[in-house]
2 protein chains.
Amino acid sequence: MSTLANQIESYLKKVISAQPDHILEIRRGDLAENFMCVPSQINYVLETRFGVTQGYLVESKRGGGGFVRIIKLSTVQDNGLHKVVEATNGRRISQTAGEGLLNRLNEEGFLTNRENLLLQSLISSSVLKNDGDSELLRGQILHSVLLNILRSDFENSKEE
Amino acid sequence: MSTLANQIESYLKKVISAQPDHILEIRRGDLAENFMCVPSQINYVLETRFGVTQGYLVESKRGGGGFVRIIKLSTVQDNGLHKVVEATNGRRISQTAGEGLLNRLNEEGFLTNRENLLLQSLISSSVLKNDGDSELLRGQILHSVLLNILRSDFENSKEE
DNA sequence: AATTATTTGACTATTTTTGACCAATAATAT
DNA sequence: ATATTATTGGTCAAAAATAGTCAAATAATT
């Protein structure tokens, strides 16, 4: 209960809860300094405590003005989406399977027709003509899409 | 979070918006002096925040009476995103530049707030963790988004 | 004793800041 | 006119400021 990782985890969760939008942006180096540890310790905490399973999305930026952004996902109206989110974690996804997933999300109202069209095009093999593992990349993209659907500020950003 | 580059960017955008013709002419040296930085810092800001993809055109002249002219182009003037599509074709795009492009598309009504949020997340470095060339991949994703915006069936799918 | 979790640090990647040197244009001198 | 000098802006690469990865060393748990 009192490992460094646990303390950092508690601290971050406390601060995030205090944010109106449940989003926290912080400098990794600052956090490491506050807890008197190496910066990579922060990554360990993020990986083990702020993953999909725990309902968080993490984004970041390097270089001057860099940051780590932790976004708490809304878990309130979970229509079985979390299962899908976990099922796509780190998985390869074929184009056909990806198309099916997006269409299903569209039919169930999680994605608009436009969003579906856009993403269908994005995961088509021609776009993903990456040298690397296209199926893995497709999985990463779809995983990210799913996580964003669960963001509480995502639904609220309908239109002005 | 407020880097020098961000401050200069904000300042310039504020001033340009206040111009009736959305054109700003300024001396690079003056700007650098105001922000107490080296002149080349200005070029960095222009390159990373005022490129064609972000909807700006930059011209300049050296020597006595020299200047830097920043022109904000509306999409109509810009031939319907044609230049942006060209500029992103096969090109590598940094996270900063990508953010700028998406925000511009959002501001000009080509992307909804939701679509912007989703895509911003998709191009953030932590999401785009792949073995290959991240910047190239970011460019491919954004290029695909632009092509979709230009497709008539995508434009027409705004309502649902 | 074996396995799993945590801590640490060396090495990598990305973005911003800075400075030395280059190029163009205008003004002035010859 | 031409050459020279002053006045601008441009380029590029190094340094600084962030963050990420990975695996070895420790610690905790089974």
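Scope of the values below: all heavy atoms of this structure, side chains included, with no hydrogens, waters or symmetry mates. Proteins come first, then strands; the chains are lettered A, B, ... in the order of their sequence lines, and each starts at number 1.
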Exercise. Taking only the side-chain heavy atoms of Arg62(B) (C-beta and beyond), determine which of dA23(C), dT15(C), dG9(C) contains the nearest atom.
Key: dA23(C)
Quiz item: Under 4.0 angstrom, heavy atoms only, what part of the nucleic acid is Gly64(B) near: base, sugar-phosphate, or nothing?
Solution: base
Practice problem: Starting from the 5' end of DNA chain C, give me the residue, Tyr44(A) or Arg92(B), whose nearest nucleotide shows up first. | Solution: Tyr44(A)
Quiz item: So, does the side chain of Ser60(B) form a donor-acceptor pair with the base of dG9(D) at under 3.5 Å?
Solution: no
Exercise. Consider only side-chain N and O atoms of Gln120(A) and Asn116(A), and report whether a donor and an acceptor are under 3.5 Å apart.
Key: yes
Quiz prompt | Minimum-distance nucleotide to Leu4(A) side chain [options: dT17(C), dG9(D), dT7(C)] | solution = dT7(C)
Quiz item: Rounded to whole angstrom units, what separation is found between the CD1 atom of Ile8(A) and the P atom of dA5(C)?
Solution: 18 Å
Quiz item: Which one, dG19(C), dT14(C), dT8(C), comes nearest to the side chain of Ser134(B)?
Solution: dT14(C)
Quiz item: Donor-acceptor pair, Gln54(B) side chain versus Thr48(B) backbone, under 3.5 Å?
Solution: yes
Quiz item: Where the side chain of Ser40(B) is defined as all heavy atoms beyond and including C-beta, which of dG20(D), dC22(D), dG19(C) is the nearest nucleotide?
Solution: dG19(C)
Exercise. Send over the distance from Gln41(A) CD to dA23(D) C1', rounded to a whole Å.
Key: 15 Å
Quiz prompt | Selected nucleotide, minimal atom distance to Ala5(B) side chain, candidates dT16(C), dG19(C), dT21(D) | solution = dT16(C)
Self-check item: SB check Arg92(A) Glu135(A) (cutoff 4.0 Å)
Solution: no
Self-check item: Rounded interatomic separation in angstrom, taking CZ from Phe35(A) and P from dT6(C)
Solution: 15 Å
Quiz item: Does the dG10(D) base have a donor-acceptor partner in the side chain of Arg28(B) within less than 3.5 Å?
Solution: yes
Quiz item: Of Leu101(B), Asn113(B), Thr112(B), which is the lone residue that meets side chain to side chain contact (heavy atoms under 4.5 Å, CB included) with Asn106(B)?
Solution: Asn113(B)
Quiz item: Within this structure, what is the CG-to-C1' distance between Asn43(A) and dA10(C), rounded to whole angstrom?
Solution: 14 Å
Quiz prompt | Listed nucleotide nearest any side-chain atom of Lys61(B), set dT25(C), dG19(C), dG20(D) | solution = dT25(C)
Self-check item: Between dT15(C) (C1') and Glu135(B) (CD): distance, integer Å
Solution: 10 Å
Practice problem: Name the nucleic acid region contacted by Thr96(B), choosing base, sugar-phosphate or nothing; use a 4.0 angstrom heavy-atom cut-off, strictly under. | Solution: sugar-phosphate
Practice problem: Classify the nucleic acid contact of Arg49(B) as base, sugar-phosphate or nothing, counting any heavy atom under 4.0 Å across all strands shown. | Solution: sugar-phosphate
